Amino acid sequence: MLLLGSFELLLALPMFASLRQPGVAGQALRDRGDLALTALLPALTYFPLFILGMVALRPTRSSSRGSPTR
Amino acid sequence: MVWAAVGALLTLALGLIGKRGRPVFSNRWPLAIAAGLISVAVVYGRWSWSTGCSWWISASGWWRSSGSALIRPSWPCLLADLHPGLRVTARTLLARIPVSGESNTARYAAAVLALSGGFALLLGLDYAALFLTGRLPTAFDPLSTVVAIQFLPLTALIAVISVFTWKRTGGYAAASVICGTLLTWYMWRARRRRWGRGQVYSPHRHLPAKGRGPGRTRSGAGSSGRPRARHPQRLRLNLGPGLRRGGGLIGIGPAYSPPNATSPAKAGAQIEPGAGPVLASAEGASSPKAQAGSGPRPSPGKWVDWDRAGL
């Protein structure tokens, strides 16, 4: 709330006046395939990529700074 | 981070394959970056104010908080990863999901559904299976399963911020700046909360050193020949009764006595009238081994470990 309110107030300032522009929707009809793909892709790739990150990225000296499990 | 980076690349690749009408965005990056950063700074200021005024009134507090942020290498990595990732997310979301002529509610609901719906489905199925069968289907990576729960509110927040800023600026620049900075802050805070600020765990500091006497775990444990704690778990176990004993000593709670310990009278301790709680709570009294050992005989006056009693 605070963030969005601050953003709206900033837009009301003359300094940010040129930023004010209404968003124009790019399409007249929503493609359900797009919606499903946008929703499912992050969830489907979540586990494989998290495991890949854990396996592929070895903790380095700098990244484990302050960690008791180094 | 890998998930965010590869997800963004996949989204870009899919966007190239299914190329349709080019969405119209008006991105004024310098202004959008300034407005986004000021908005996040307002939230950060409010948060700092509510969590502690020291941020405002003491220069050292500010220096320490920002200094620890600046030298921590993770946040530039997070920023470099999350900003482009969220830029792709916001762009794709705003190009594909809003349709002309729909109501405000429908617009926000569709954006939230598009970003959080997959996670809601994944977690719903996962936990439904857990409650029905007692087994977690994603038990091969239980940590990521728990971590996924916070993706629900976070992705919903990204969706709301994206639609809100797009409706007012007509672009995705402000959304990507705000969300990238917020998420960097969130993840960096989560890291710091887990490991503590500047609290580097060191066995040399937290555990008694060899040949340095009983160390911080003083009283009977160090001097009665009992093996000293060399492992955090054991140290924690050793400190537990000590804390409770402290409570008993100063009259906060009942004096601690382990369930299997012999009573002070059976162990042959001399009980003076009025000094009952002190002796009953002393380690020597609850452990006959320490009483018979070569350690110094405890005197009631020395047994109050004020440090540990929290005074």
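Below, chain A is the first sequence line, B the second, and so on; all start at residue 1. Scope of the values below: all heavy atoms of this structure, side chains included, with no hydrogens, waters or symmetry mates. As the structure is a computational prediction, the values presented were derived from the model and not from experiment.
- Heavy atoms closer than 4.5 Å to chain A are found in the side chain of L122(B), but not in its backbone.
- Distance check: D141(B) CG to F47(A) CZ gives 6.0 Å after rounding to the nearest 0.5 Å.
- Contact detail for A35(B) and L19(A): the closest heavy-atom pair is CB-CD2, 4.0 Å.
- Checked by atom type and distance alone, the side chain of R168(B) never pairs as donor or acceptor with a backbone atom of R20(A) at under 3.5 Å.
- Annotation for G36(B) and F7(A): closest pair N-CE1, 4.4 Å, computed over non-hydrogen atoms.
- In terms of heavy-atom pairs under 4.5 Å with chain B, the best-connected choice from V24(A), L9(A), L40(A) is V24(A).
- Both the backbone and the side chain of L113(B) come within less than 4.5 Å of a heavy atom of chain A.
- For the pair I51(A) and F140(B), the minimum side-chain heavy-atom distance is below 4.5 Å.
- Between T38(A) atom OG1 and L93(B) atom CG the span is 7.0 Å, to the nearest 0.5 Å.
- Only the side chain of L182(B) comes within less than 4.5 Å of a heavy atom of chain A; its backbone N, CA, C and O stay farther away.
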* Asked: Where do Q21(A) and T169(B) land on the side chain to side chain donor-acceptor pair (under 3.5 Å) test, with the steps shown first?
  -> CA-CA 5 Å; Q21(A) 237 173 22; T169(B) 64; over 6 Å; no
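- In this structure, chain A has no heavy atom under 4.5 Å from any part of T155(B).
- Qualifying salt bridge (Lys or Arg N to Asp or Glu O under 4.0 Å) partners for R87(B), counting only residues two or more places apart in sequence or in other chains: none.
- Taking every heavy atom of both residues into account, A25(A) and S100(B) meet most closely at CB-N, 3.3 Å.
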* Under the side-chain contact (heavy atoms from CB on, under 4.5 Å) rule, what do S39(B) and L10(A) come out as? Steps first, then yes or no, please. => CA-CA 8 Å; S39(B) 309; L10(A) 283 176; 3.6 Å; yes
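- Heavy-atom distances place both the backbone and the side chain of A148(B) under 4.5 Å from chain A.
- Residue L31(B) touches chain A through both its backbone and its side chain, counting heavy-atom pairs closer than 4.5 Å.
- Once rounded to the nearest 0.5 Å, the distance linking CZ of F119(B) with OH of Y46(A) reads 6.5 Å.
- Ranked by heavy-atom pairs shorter than 4.5 Å toward chain A, the options L121(B), L115(B), L94(B), I178(B) are led by I178(B).
- In this structure, L3(A) CG and F164(B) CZ are separated by 8.5 Å, a value rounded to the nearest 0.5 Å.
- Between atom CD1 of residue I38(B) and atom CG of residue L13(A) there is a gap of 8.5 Å, rounded to the nearest 0.5 Å.
- V160(B) touches chain A through its side chain: at least one heavy atom from C-beta onward sits under 4.5 Å away, while N, CA, C and O do not.
- Taking chain A as the reference chain and counting heavy-atom pairs below 4.5 Å, the highest number among N27(B), T138(B), I161(B), V163(B) is found for T138(B).
- Proximity of P22(A) to K167(B): side-chain heavy atoms (C-beta onward) are nowhere separated by under 4.5 Å.
- For A173(B), no part sits under 4.5 Å from any heavy atom of chain A, backbone or side chain.
- Heavy atoms of L44(A) lying under 4.5 Å from chain B are absent altogether.
- Taking both residues in full, the closest heavy atoms of V42(B) and S6(A) are given as CG1-OG, 3.4 Å, listed atom of the first, atom of the second, then distance.
- Of the atoms belonging to A159(B), not a single heavy atom falls under 4.5 Å from chain A.
- When each of T89(B), V147(B), L143(B), T92(B) is scored by its heavy-atom pairs under 4.5 Å with chain A, the top score falls to V147(B).
- Top candidate by heavy-atom pairs under 4.5 Å with chain A, chosen from F25(B), W166(B), F151(B), is W166(B).
- Neither the backbone nor the side chain of A120(B) comes within contact range of chain A, judged by heavy atoms closer than 4.5 Å.
- Only the side chain of L41(A) has a heavy atom closer than 4.5 Å to any heavy atom of chain B.
- How far CG of L4(A) is from CG of L157(B): 8.0 Å, rounded to the nearest 0.5 Å.
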